[in-house]
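A short write-up of the structure that comes next.
Because the structure is predicted, anything quoted here is derived from the model rather than measured. Reckoned from all heavy atoms, side chains included, excluding hydrogens, waters and symmetry mates.
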Amino acid sequence: MKKKKQQKKQQQNKQQKKQAVQQQSRQPQQKKPQQNRQVQQKQQTGPKEHVVQRQEAEQVKQPVQQQKKQEKHQKQQPAQQQKHQKLQPAQQQKQQGKQLQKQQRQKRDWKEYLYNCPYLILITLTSLAVMFVSNEIGISSVVRDAQMFVSRSYAKMPGEQRMVETGSHRVQQEESAGGRQTVPISGNSDGTEAEGLYEDSAEKTENAGKRRDQKDDLQIDDRLQEEHDDPGNGIEPAETPKGITNFESYEPVQIESRYYKDAGKVALTTEYSYTKENISYFDDAAFLGDSRTLGISDYAGLETADFYCDSGMMIFKILEEEVTYQKTGSKVRMTEVLQNRQYGKIYLMLGMNELGYGNTEMYLEQYRQVLEQIREWQPEAIIYIMANLHVSREKNNMETEFNNININDKNAASASLANGTDVFYLDVNPVFTDEEGYLKSELTFDGVHLYAKHYDAWREFLLEHAVEPAKNKEHT
């Protein structure tokens with residue numbers, strides 16, 4: 001019985017413990033919702049209260065900040081006003097000083113202008129006069145340079161060149177009614193003269209640049225004549241003789257051409273005490289020219305000389321374009337040749353292909369420039385300006401520029417460049433022309449070029465008109 005009672009008590013105790021435990025576990029569950037509600041309320045009410053508190057704090061701060069700004073501005077304002085008041089008089093004084101300086105400068109400039117006005121006018125008028133009169137720096141020089149440029153450009157246009165020397169030196173083609181006829185330039189291989197001379201009729205003229213025998217008609221170049229005739233010109237006579245280039249005058253013909261005029265004179269070979277030399281004289285010689293020079297190269301027998309020539313070569317192209325070196329057949333530039341090799345004699349013959357290009361004044365100016373450039377590169381060389389050979393009566397055409405009067409005009413221009421000391425003018429025309437100045441028809445097959453066998457006479461003419469170099473004269 002006692003055991004049963006004890007067991008019941010134990011069971012009751014266990015049940016009481018369980019109930020107590022259950023009650024304890026239920027209480028937190030009941031408190032959690034209340035806590036959650038409080039948190040939610042705090043979360044809902046917390047930010048609003050924080051914003052309100054912030055706004056209230058800002059409202060309190062704003063008046064304070066405004067007061068501070070006002071106080072700061074009030075403190076700065078008097079200082080700025082004082083600074084501005086100090087600067088204002090200085091700036092005004094500075095501006096007034098600048099205005100005074102400007103006014104004084106303007107007055108001074110006007111005084112200077114008024115004082116210098118006559119001098120300025122005089123200088124202006126003098127400058128204009130020089131521009132109109134001077135050939136070196138004036139308007140005429142500008143016009144001449146422009147014409148020279150146009151002429152050079154025009155001469156370089158292959159489609160525009162009306163070649164005087166049609167075809168190469170060895171073969172010439174002529175158009176006829178039935179087609180083209182080939183005419184050999186030189187004589188035949190057996191030594192006989194070639195047939196097939198030009199049959200086109202050119203207008204004949206009484207004035208073909210013929211030479212007159214009257215000595216009263218001699219006209220000497222003014223510059224050379226003054227030095228030659230005036231003993232009181234202050235120039236001491238040179239130890240070596242000096243040549244004089246004379247001109248034979250005739251009645252000029254009125255010419256209507258923009259390319260040339262009738263010069264009314266024929267240039268003669270420079271008068272000088274020439275020596276007759278042998279063929280070795282040409283060992284250090286260079287010939288520059290066109291197809292006539294090419295003929296000398298082929299048929300005159302001057303094997304030791306250097307020939308730089310081409311058909312159609314011009315004074316405007318000789319230093320600008322490549323030229324054929326006849327010994328090798330290769331193209332060379334004379335600017336390089338004349339600077340790298342020194343010659344004792346240089347022969348120039350150019351002008352036939354310039355008859356219808358530019359005018360004589362431009363031709364002379366270009367010839368002078370080429371001559372000066374060669375002299376700079378070849379200071380010891382004797383330079384011979386060779387006259388252009390006249391054409392035949394049949395080839396002389398006064399309706400075009402291809403006539404002897406035009407040739408005489410170009411020859412007289414180039415002859416004026418001879419100084420009689422180291423530059424000489426040689427006129428071979430008396431050897432090949434008749435009394436009226438026409439190239440003898442029996443000596444030419446086309447009225448322009450010689451037969452091959454007649455170049456020997458040209459060679460003899462050159463040998464008879466040799467100038468001994470000054471260095472050789474000192475040793476004799």
Side-chain angles (χ1 to χ4, degrees), residues 224 238-245 269-290 292-310 313 315 318-319 323-328 330 332-351 367-388 414-415 417-428 431 455-476:
L224 296 176
E239 295 180 359
T240 57
K242 183 174 182 179
I244 298 296
T245 303
T269 296
T270 302
E271 292 184 359
Y272 188 80
S273 56
Y274 297 102
T275 61
K276 182 174 175 57
E277 298 287 344
N278 54 37
I279 201 70
S280 63
Y281 182 75
F282 301 104
D283 291 349
D284 60 349
F287 286 77
L288 285 63
D290 49 30
R292 267 88 171 274
T293 308
L294 189 60
I296 298 174
S297 173
D298 289 341
Y299 309 117
L302 306 180
E303 303 295 336
T304 59
D306 288 340
F307 283 85
Y308 304 93
C309 47
D310 283 308
M313 182 52 61
I315 193 67
I318 190 66
L319 297 182
V323 187
T324 303
Y325 178 39
Q326 296 301 319
K327 284 186 177 180
T328 62
S330 59
V332 297
R333 286 197 173 274
M334 295 310 302
T335 54
E336 298 177 1
V337 172
L338 295 176
Q339 292 182 77
N340 295 329
R341 180 173 180 180
Q342 292 297 312
Y343 288 98
K345 304 97 185 176
I346 296 178
Y347 292 83
L348 288 168
M349 186 168 60
L350 293 162
Y367 214 120
R368 179 184 288 108
Q369 293 180 13
V370 170
L371 200 64
E372 290 175 353
Q373 186 62 75
I374 293 176
R375 172 56 64 213
E376 180 181 344
W377 292 333
Q378 303 284 321
E380 303 297 331
I382 297 172
I383 300 177
Y384 297 96
I385 298 173
M386 299 172 64
N388 293 287
S414 61
L417 300 175
N419 58 22
T421 56
D422 56 3
V423 182
F424 298 85
Y425 178 76
L426 301 180
D427 182 21
V428 75
V431 179
Y455 281 97
D456 290 345
W458 205 326
R459 179 192 65 225
E460 294 303 316
F461 173 82
L462 296 179
L463 288 173
E464 291 173 358
H465 293 80
V467 176
E468 189 176 359
K471 60 182 180 179
N472 293 340
K473 290 181 180 180
E474 294 176 358
H475 295 294
T476 57

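- Checked against side-chain hydrogen bond (donor to acceptor under 3.5 Å, both in side chains), Thr270 has the following partners two or more places apart in sequence or in another chain: Thr245.
- For Phe307, the ring pair (Phe, Tyr, Trp, His ring centres under 6.0 Å) partners are Phe287, not counting sequence neighbours.
- Of all heavy-atom pairs between Val467 and Ile382, the closest is O-CD1, 3.3 Å.
- Among all heavy-atom pairs drawn from Ile346 and Ile374, the shortest one is CD1-CG2, 3.7 Å.
- Here Tyr281 contributes atom OH and Thr275 contributes atom OG1; the two are 6.5 Å apart, rounded to the nearest 0.5 Å.
- For Tyr343, there are no ring pair (Phe, Tyr, Trp, His ring centres under 6.0 Å) partners, not counting sequence neighbours.
- Note that the CD1 atom of Ile296 and the CD atom of Gln326 stand 12.0 Å from one another [nearest 0.5 Å].
- Side-chain contact between Val423 and Arg375 is present, with at least one heavy-atom pair separated by less than 4.5 Å.
- Using a 4.5 Å heavy-atom cutoff, the side chains of Val370 and Leu350 are not in contact.
- Here NZ of Lys276 is found 10.0 Å from NE2 of His465. Values are rounded to the nearest 0.5 Å.
- Legend: residues meeting ring pair (Phe, Tyr, Trp, His ring centres under 6.0 Å) with Tyr425, ordered by chain and number and at least two apart, are absent.
- Counting heavy atoms from C-beta outward, Leu463 and Phe282 have side chains that approach closer than 4.5 Å.
- Between the side chain of Gln378 and the backbone N or O of Arg341 there is at least one donor-acceptor pair closer than 3.5 Å.
- The shortest heavy-atom contact between Lys242 and Asn419 is CE-O, 3.3 Å.
- Residues forming a side-chain contact (heavy atoms from CB on, under 4.5 Å) with Asp456 (at least two apart in sequence, or on another chain): Arg459.
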Quick one: side chains of residues 332-340, donor-acceptor pairs under 3.5 Å with protein atoms, not counting sequence neighbours, listed by atom name and distance.
| residue | atom | partner | partner atom | Å |
| --- | --- | --- | --- | --- |
| Arg333 | NH1 | Glu320 | O | 2.8 |
| Gln339 | NE2 | Thr335 | O | 2.6 |
| Asn340 | ND2 | Glu336 | O | 2.9 |

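- Checking side-chain atoms of Asp283 against main-chain N and O of Thr304 turns up no donor-acceptor pair under 3.5 Å.
- Note: Tyr299 and Tyr455 have tilted aromatic rings, judged against thresholds of 30 and 60 degrees for the angle between ring planes.
- The CG atom of Leu319 sits 8.0 Å away from the CG atom of Leu288 when rounded to the nearest 0.5 Å.
- A 4.5 Å side-chain heavy-atom check between Leu426 and Phe461 finds at least one atom pair inside the cut-off.
- Atom CD of residue Gln342 and atom CG of residue Asp284 lie 11.0 Å apart, to the nearest 0.5 angstrom.
- With Tyr384 as the aromatic partner, Lys345 does not meet the cation-pi criteria of under 6.0 angstrom to the ring centre and within 45 degrees of the ring axis.
- Rounding to the nearest 0.5 Å places OG1 of Thr324 at 8.5 Å from CG of Leu294.
- Residue Ala466 comes nearest to Glu277 through the heavy atom pair CB-CG, 3.3 Å, listed as atom of the first residue, atom of the second, then distance.
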